[in-house]
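In what follows, residues are counted from 1 in the order of the sequence shown. All ligand and atom numbering here is 1-based and tracks the order in the structure. The basis for the numbers below is simple: all heavy atoms, side chains too, and nothing from hydrogens, waters or symmetry mates.
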Amino acid sequence: MKFNITVLDGDGIGPEVTREAINVMETIGEKYNHQFIFTHELIGGISIDQKGTALPQESIISSKKSDAVLLGAVGGPKWDNPSAPVRPEDGLLAIRKELGLFANIRPVSVFPDLTYSSTLKSETLNGVDFVVIRELTGGLYFGKPKRRWKNTRGRQAVDTMRYSEKEIRRVLKVGFEMARIRNKRLTSVDKANVLETSRLWREIAIEMSNEYTDVAVDHMLVDTASMQLVRNPSQFDVIVTENTFGDILTDEASVLTGSMGMLPSASLAQVPMEGTKTMGLYEPIHGSAPDIAGKGIANPLACILSIALLFRYSLRLNEEAAAIENAVQKAINEGYRCADIARDGDNVISTKEMGALISSLLK
Ligand code: IPM
Ligand code: MG
């Protein structure tokens, strides 16, 4: 089969890790007889430099025509001035909105061989394997009004947390369906003791739980959830929550795995279990890591694991997805590490070597 993939390499280590992910895709293509047509387009700081905008029209058009989008990372100190009219992150928010990517899927599973790289005790990390579904196109990030002004009492600012029933229902559906194909436990995270949007969220979650009687649902306040994530993380199977809560909780959850360099993500425009192919954007959780950019030492595994999600959700090629995940597991088991997770005695290898290793394990 033939697939079109738009690659938004972005800034810093972005192009270094997407290059390895693309090589892995080519290897899969040879082995399983698929053809991939990659179109590279701009996003983030490099796009601001070249086009004056963080997401040019060509990037949107190409992405919309593709089967899936692969993204590296955006941002860097060069574009960090808080009063700049346009920031690299604007490109990320714009592509999410343009493609309607309302469900952000962030799996958190701990590789038993890597527990040493977490700051948490390894017994706390035993059996940790859950998925966070974060709502991605609503809430405080996009709600209007969103602005600043000045009056006699000084500077003022407002952001708006707004959610419609439709927005809540579709992302909760992803949570319920995901729980159904996993261990049938769903934790819906909100702040229903304070926020009106959360009360609506919880009301809808309770209504939907009547349609999903096979899924055990609990409702957890976000402050409690943030505590439970480090206290007893193996209790979770699927967590579903709104945009800002999900942003914060997923950074916290990344600590469990020790390295941001191991965590993939998928952002989808449809409930992935509805059978049809889903438009999606796939990116590692980590940022552009400007301090190590250009050194060839970045860990490409999060980006490579994101490709596995791309195969699973956008191309519906489960066997290929599992093959990639197994190859990554094997590389870790055999003691190969990039610098971010290496200890004395490990085989420390470069970005390119890790990419080549995964490809060779796939052949
Ligand atoms: C993320 C990031 C982004 C977000 C930033 C870079 C805009 O933190 O993907 O989690 O807040 O969504
Ligand atoms: Mg974040």
Side-chain angles (χ1 to χ4, degrees), residues 8-14 17-18 42-48 53-55 59 63 69-108 130-143 146 159-163 167 171 174 189 222 225-226 229-230 239-257 259-269 280-291 293 302-303 305-306 309-310 313:
L8 305 172
D9 303 283
D11 307 315
I13 61 169
V17 295
T18 50
L42 296 170
I43 193 168
I46 185 173
S47 176
I48 295 174
T53 160
L55 186 71
S59 300
S63 297
V69 180
L70 174 65
L71 190 143
V74 298
K78 181 174 176 196
W79 308 281
D80 251 357
N81 178 359
S83 59
V86 46
R87 300 169 56 91
E89 292 79 5
D90 298 340
L92 204 51
L93 300 182
I95 191 87
R96 288 172 181 170
K97 200 65 175 176
E98 284 287 343
L99 301 180
L101 306 170
F102 66 88
N104 181 217
I105 299 183
R106 298 186 166 182
V108 180
F130 61 88
V131 181
V132 183
I133 316 283
R134 166 188 175 196
E135 200 292 324
L136 203 60
T137 50
L140 285 174
Y141 279 60
F142 295 97
K146 181 184 203 63
D159 290 292
T160 303
M161 170 103 77
R162 169 194 284 271
Y163 271 108
E167 288 172 311
V171 72
V174 177
V189 173
V222 64
S226 73
L229 265 180
V230 283
I239 296 175
V240 60
T241 193
E242 70 84 43
N243 203 345
T244 306
F245 299 162
D247 178 43
I248 298 168
L249 293 180
T250 51
D251 257 32
E252 187 188 5
S254 75
V255 174
L256 305 171
T257 63
S259 168
M260 298 279 259
M262 297 300 295
L263 286 177
S265 79
S267 302
L268 307 177
L281 178 144
Y282 301 84
E283 58 177 315
I285 297 254
H286 62 69
S288 60
D291 51 325
C303 197
L305 287 168
S306 300
L309 299 181
L310 186 157
Y313 296 124

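- With hydrogens left out, the protein atom closest to atom 11 (O) of ligand 1 is Tyr141 OH, 2.6 Å, a heavy atom.
- To the nearest 0.5 Å, atoms CG (Asp11) and OG (Ser288) are separated by 6.0 Å.
- For atom 9 (O) of ligand 1, the nearest non-hydrogen atom of the protein is Arg96 NH2, 2.7 Å.
- Side chain of Ser59 to backbone of Leu42: a donor-acceptor contact under 3.5 angstrom is found.
- Side chain of Ser306 to backbone of Tyr282: no donor-acceptor contact under 3.5 angstrom is found.
- Heavy-atom distances between His286 and ligand 1 stay at or above 4.0 Å for every pair.
- In this structure, the protein non-hydrogen atom closest to atom 8 (O) of ligand 1 is Asp247 OD1, 3.3 Å.
- Of the possible donor and acceptor atoms, none in the side chain of Thr137 sits under 3.5 Å from a partner among the backbone N and O of Lys97.
- Checked by atom type and distance alone, the side chain of Lys146 pairs as donor or acceptor with a backbone atom of Leu140 at under 3.5 Å.
- Looking at Asp9, its side chain never comes within 3.5 Å of a backbone N or O of Gly72 through a donor-acceptor pair.
- In terms of polar-atom proximity, defined here as any N/O pair under 3.5 Å, Glu89 makes no such contact with ligand 1.
- Judged as a side-chain hydrogen bond (donor to acceptor under 3.5 Å, both in side chains), and not counting sequence neighbours, the contacts of Thr250 are Arg106.
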Exercise for the section: Please test Val86 against Thr53 for side chain to side chain contact (heavy atoms under 4.5 Å, CB included), starting from the C-alpha separation and ending with a verdict. Expected result: CA-CA 7 Å; Val86 46; Thr53 160; 5.6 Å; no

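- Ranking the protein heavy atoms by distance from atom 1 (C) of ligand 1 puts Arg106 NH2, 3.4 Å first.
- Closest approach of Phe102 to Val174, counting heavy atoms only: CE1-CG2, 4.0 Å.
- At a heavy-atom cutoff of 4.0 Å, ligand 1 is contacted by the side chain of Arg134 but not by its backbone.
- Protein N/O/S atoms found under 2.8 Å from the Mg ion (ligand 2): Asp247 OD1.
- Within the 4.0 Å heavy-atom shell around ligand 1 one does not find Glu283.
- Looking only at distances, no side-chain donor or acceptor of Asn104 sits under 3.5 Å from a matching main-chain atom of Leu268.
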